[in-house]
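In what follows, a single structure is set out as structure tokens and then discussed.
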Amino acid sequence: MKVSFWLLDIDSHKPGPRPQVRLWGIDEGGRRVLLIDKNFLPRFYVVPKNNNFLSALMDKCSRIEGVAEVKPVRRRFLGRELMCVEVLVKDPSNMDRLAKKISNLEIVMGCYGYDVRYTMQYLILKNLPPCKFIEVEASPTSRPEGAQIDLAYEIVGEFKPSVIEEPPELRTLSFYCVIPGEKGSPDPKSSPVVMISVITPDDEIICLEAGDGDSDLLKDFCDVIRSSNPDVIFGYGTNKRDWIYLVERAKINGIKLPVGRTGLFPHTSAYGHVSVTGRANLDLLDFVEDIQEIKLKTLQNAADYLGVMSENEGPEILEYDLYDYWSRKREILRDYAQHNVMRVKGLGEEFLDFGIQLSQVVGLPLDHVAAAAVGFRVEWFLIKEAVRRGELVPPRKEAFAGSYVGGIVLKPEPGVHEDIAVLDFASMYPNIMMLNNISPDTYIPPDEPDPPQGCYVAPGVGHRFRKEPPGLYREILSELIRARREVKEKLKSLQEDSPYYRVLQARQRALKVIANATYGYTGWAGARWYLKPVAEATAAWGRHYLRSIITMAEEAGFRVIYGDTDSIFIRYREGVDDLLNRIEKKLSLDIKLEKIYQRIIFTEAKKKYAGVLEDGTIDLVGLECVRGDWPDVARKAQREIVRIVLTTREIREARQRAKAFIRKYVEDVRNLKVPLKDFTIWKEITKKEYKARTPHLKVTEDLRRMGWKIKPGDKVGYVVVKGSGKLYERSVPFFKACPEDIDIDYYIDKMIFPAVMRILKLIGVEESELKGGGLEEFL
DNA sequence: GCGTGGGGGATACCG
DNA sequence: ACCGGTATCCCCCACGCG
């Protein structure tokens, strides 16, 4: 019979001699289904050194223990057609070993595809898109014992895309764990999980609490999951923390944690994500990591930024105080956990559409794609598309990462400017790559002659790329851009509040993310398709095109005030449209009038400016006020100064207002009339070992002595207090600082003044003018 | 012994 | 665990001076 199902998760299983692939999904009737394929073997490809060795190679491979079958197949490698041997392997866990063994044979040039996971081989070779409906011929079979599904099938036929477009209704469960440590970070050996608040798929809020220990709590949590049988599990920070801790606690308690649809432990899988069989376990922190505007990635900040819930709603509890709340203020802690699980659910709803679209585009299962870094998302998209075109997948190898020259950044003309237009190339790097057919499979090494079809030569660096046939990057980038254009076209005909609009919006974002990251991918030394000349040539063309438009603008009588990589800033006047047209015609690259600043200010520094658009929107770029490693006292002051300078018509008046504001603000700071939080400086710990001594490292040492586990990736918050000696000797963890101890002079002289003066000196204000109004005037 | 200036480490930004 | 280009802070040490 035909079964249509929406593919949610995939795993493999080996109950007997033959491995099985299992597809977990939801059918068109909303039933949870499991489809088992017992007839797919993992495989890899062996390229002989010479075509004459093909049959000898087949013979050798077929005699190796563990090989099920060999056949000759035609493939391509970096654009070159070749014959190779497809080796089917009996046991997925033997792939690596067999490939190594065969690689060592005298007549073998190389092995390919052995480092692509069994389940991913299945998805790719069968052309299965995750998070979509698929149709397949299957026959009903008995449900595996304990499996939380309605129906099970054995796959007997081929797949084809389903006509069903509408996604099924997913049952989502959100959870939030409270894990206090009595002394510093909680240790699973001694500290139990004390609370788990859950929102079930039926929107019931449950707060589970530890009693004597957390044994019952963990069991209850599993019961909630099993009885509500969700498809998707939302959490925040769960891949690196909560699940790991829960598993540890379960082991210590000697109980099972049967949260998967087969009743298994959750386990850590690809990209450090935690996999829950048959469901999609999504850690929403993975999505929040990609939002640069959120500086401190707490659940509360993320929910606030995305409009899910204000950071002020519900109680605020520092991690450092959790144990105290659990011991003495449990009612508040309950409230806290409940608000947080609501935040988790809100974030989940915010990201689910995007996650689903990303999964469809990239081809990785939902839970994998969420946790995968940008480079891997690009890479899986490439792998899928390459295999579709008969290309072999290069193995990952350690490459020497020689550096190369990137984009051009112009020195800005410091000061206040009016009516400034920004012209920029639309998707410059992807377009450069398509236009010049830059790709690993079109690259012509220096020792090869020019091909008959001709080649494109990168300006300055001299790398050559075949004009024909189209390379992998040209093909996939044009496909991404074509698909995105189509989606954007469809969006125009839809109501903004329709659910389909949200889906398409998410889709176009997913397509854009992959296209924009492709250039960066080509320069990543760890990439399977890494080839330095590809990245180097792309950047070289970028510099060439930017120089071209600078020249054209200047020849048309425009002064270029600033420019960075793919943009130039010029005075907006008659003739801009004409300039745009001529650029487009000459370079065959899309260039756009991106925006017009009513007023814009540039400091002496590159990559830092602020401007106001006609509609009053203020753009803040690169300045201290957008940096998460500056304290809020300085960021807020600079932001307000920028606002005054940009929106006050008369500069003379702006000067007065700015001075008045700073005098008042500094006075407030001196009197501690600003939130104490605003003095905290947050910095990330980026590595294990350091050479330098700095405030944030000293504070990290303090925290570690107190029992807190600080790992690379964590942020530490510190405050500078009064006293003598180096700055790092006067820095303390933010929650340890008393208001009286704060070194206010440090904040004023070293943070607030420098930040605001960088703006104010542009309108002729001297630092000495700011100091009045307080003590001096009084004296 | 003390102030200074520049190099380098560290971080987070821009496109 | 995506690229190169850039600003900025702070620490540290060599250096010159007396």
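- The backbone N or O of A:N239 lies less than 3.5 Å from a partner atom in the side chain of A:D283, making a donor-acceptor pair.
- Here A:G526 lies out of heavy-atom contact (under 4.0 Å) with every strand.
- Atom CZ of A:F602 is separated from atom P of C:dA7 by 14 Å (rounded to the nearest Å).
- Atom CG of A:L727 is separated from atom P of C:dC12 by 11 Å (rounded to the nearest Å).
- For A:R758, the side-chain atoms get nearest to C:dT8 when compared with the rest of C:dT8, C:dA7, C:dC12.
- Base engagement by A:G520 is indicated by at least one non-hydrogen atom pair under 4.0 Å involving a base atom.
- Across C:dT6, C:dC11, C:dG4, the shortest atom-to-atom separation from the side chain of A:K726 is found for C:dC11.
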### Query
Which nucleotides of nucleotides 7-15 of chain B have their base under 4.0 Å from a protein heavy atom (B), which only their sugar-phosphate (S), and which neither (-), written as one string 5' to 3'?
--SSBBSBS
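- Each of A:Q638, A:E624, A:E604 was scored for a side-chain hydrogen bond (donor to acceptor under 3.5 Å, both in side chains) with A:R758, with one residue passing: A:E624.
- Nucleic acid contact class of A:Y746 (heavy atoms, under 4.0 Å, all strands): sugar-phosphate only.
- Here the P atom of nucleotide C:dA7 and the CD atom of A:E604 are 11 Å apart, to the nearest Å.
- Rounded to whole angstrom, the span from the CG atom of A:L410 across to the C1' atom of C:dG5 amounts to 12 Å.
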### Task
For the pair A:R377 and A:D290, evaluate salt bridge (charged side-chain N to carboxylate O under 4.0 Å, His left out) and give the outcome as yes or no after the intermediate values.
CA-CA 13 Å; A:R377 291 177 183 171; A:D290 294 339; 3.4 Å; yes
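- Ring to ring, A:F465 and A:Y456 are not that close: their centroids are 6.0 angstrom or more apart.
- Residue A:K750 places its side chain closer to C:dC10 than to any other of C:dC10, C:dG4, C:dT8.
- A ring-centre distance under 6.0 Å is not found for A:Y718 and A:F734.
- Within a 6.0 Å radius of NZ in A:K715, more than 12 heavy atoms belonging to other residues, nucleotides or ligands are found.
- Taking atom NZ of residue A:K606 and atom P of nucleotide C:dG4, one finds them 17 Å apart after rounding to whole Å.
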### Query
Run the salt bridge (charged side-chain N to carboxylate O under 4.0 Å, His left out) check on A:R693 and A:E701 step by step: do they pass?
CA-CA 11 Å; A:R693 289 199 57 71; A:E701 283 168 24; 3.7 Å; yes
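- As a whole-Å value, the separation of A:I759 CD1 from C:dT8 C1' is 14 Å.
- For A:W541 and C:dG4, the CH2 to C1' distance is 19 Å, given to the nearest whole Å.
- Taking the side chain of A:A517 as heavy atoms from C-beta on, and the options C:dC9, C:dT8, C:dC2, the nearest nucleotide is C:dC2.
- Taking atom CD on A:E624 and atom C1' on C:dC9, their separation rounds to 10 Å, with Å as the unit.
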